[in-house]
Asks: 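Handing you this structure, nothing more for now.
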Amino acid sequence: MNEAWYRLAMLLTLVAGVWEGPMAIIFRAFTDKGPNALLAANYLPAPWCYVVAVAAAVVAFAVIAVLDTRRKRAMSAAG
């Protein structure tokens, strides 16, 4: 797996984490739109949707950290 694939995986994880995390909270708090497949956390009742949205963001950033560490390790081993 070269650097481009790691960067693509990190970018996709970042987009999913931000969309399911902070964006779900923003849509819930400031709009009257109902939940949909892109904002899955908003299907939950009021206190739990925020907990799930924060957890989704934390998990996404943890996956990004792991991918970055593996990318650095792969680059140092290859070079």
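Along the sequence shown, the residues carry numbers beginning at 1.
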Asks: Name the atoms and distances for all side-chain donor-acceptor pairs under 3.5 Å in residues 34-44, with sequence neighbours left out.
Replies:
residue	atom	partner	partner atom	Å
Asn36	OD1	Leu38	N	3.0
Asn36	OD1	Leu39	N	3.0
Asn42	ND2	Ala24	O	3.3

Asks: Indicate, with yes or no, if Leu11 and Val18 share a hydrophobic cluster defined by side-chain heavy-atom contacts under 4.5 Å among Ile, Leu, Val, Met, Phe, Trp and Tyr.
Replies: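 Hydrophobic grouping puts Val18 apart from Leu11.
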Asks: Only counting residues at least two apart or in another chain, list the ones meeting salt bridge (charged side-chain N to carboxylate O under 4.0 Å, His left out) with Arg28.
Replies: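 Salt bridge (charged side-chain N to carboxylate O under 4.0 Å, His left out) check on Arg28 returns nothing, list empty.
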Asks: Any pair with a residue in residues 58-69 that passes side-chain hydrogen bond (donor to acceptor under 3.5 Å, both in side chains), sequence neighbours left out, goes on the list, sorted by first then second residue, please.
Replies: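 Non-adjacent pairs meeting side-chain hydrogen bond (donor to acceptor under 3.5 Å, both in side chains): Asp68-Arg71, Asp68-Lys72.
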Asks: Scan for side-chain hydrogen bond (donor to acceptor under 3.5 Å, both in side chains) pairs involving residues 7-27, sequence neighbours excluded, and state none if there are none.
Replies: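 Every side-chain hydrogen bond (donor to acceptor under 3.5 Å, both in side chains) pair that includes a residue of residues 7-27, provided the two are not neighbours, is Glu3-Arg7.
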Asks: For the residue pair Pro22 and Ala57, what are the closest heavy atoms and their distance?
Replies: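 Taking Pro22 first and Ala57 second, the nearest heavy atoms are CD-CB, 4.2 Å.
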Asks: Using a 4.5 Å cut-off between side-chain heavy atoms of Ile, Leu, Val, Met, Phe, Trp and Tyr, which other residues end up in the same hydrophobic cluster as Ile25?
Replies: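 Direct or chained contacts put Ile25 with Tyr50, Val54, Val58.
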Asks: Please tell me whether Val52 and Phe61 are part of a single hydrophobic cluster in this structure, the criterion being side-chain heavy atoms less than 4.5 Å apart.
Replies: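 Per the 4.5 Å side-chain linkage, Val52 and Phe61 are not co-clustered.
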Asks: Apply side chain to side chain contact (heavy atoms under 4.5 Å, CB included) to Val51 and list each qualifying residue two or more places apart in sequence or on a separate chain.
Replies: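 Partners of Val51 by the side chain to side chain contact (heavy atoms under 4.5 Å, CB included) criterion, ordered by chain and then number, come out as Trp48.
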Asks: When rounded to the nearest 0.5 angstrom, what is the spacing between OH in Tyr6 and CZ in Arg70?
Replies: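 If we round to the nearest 0.5 Å, Tyr6:OH and Arg70:CZ are 4.0 Å apart.
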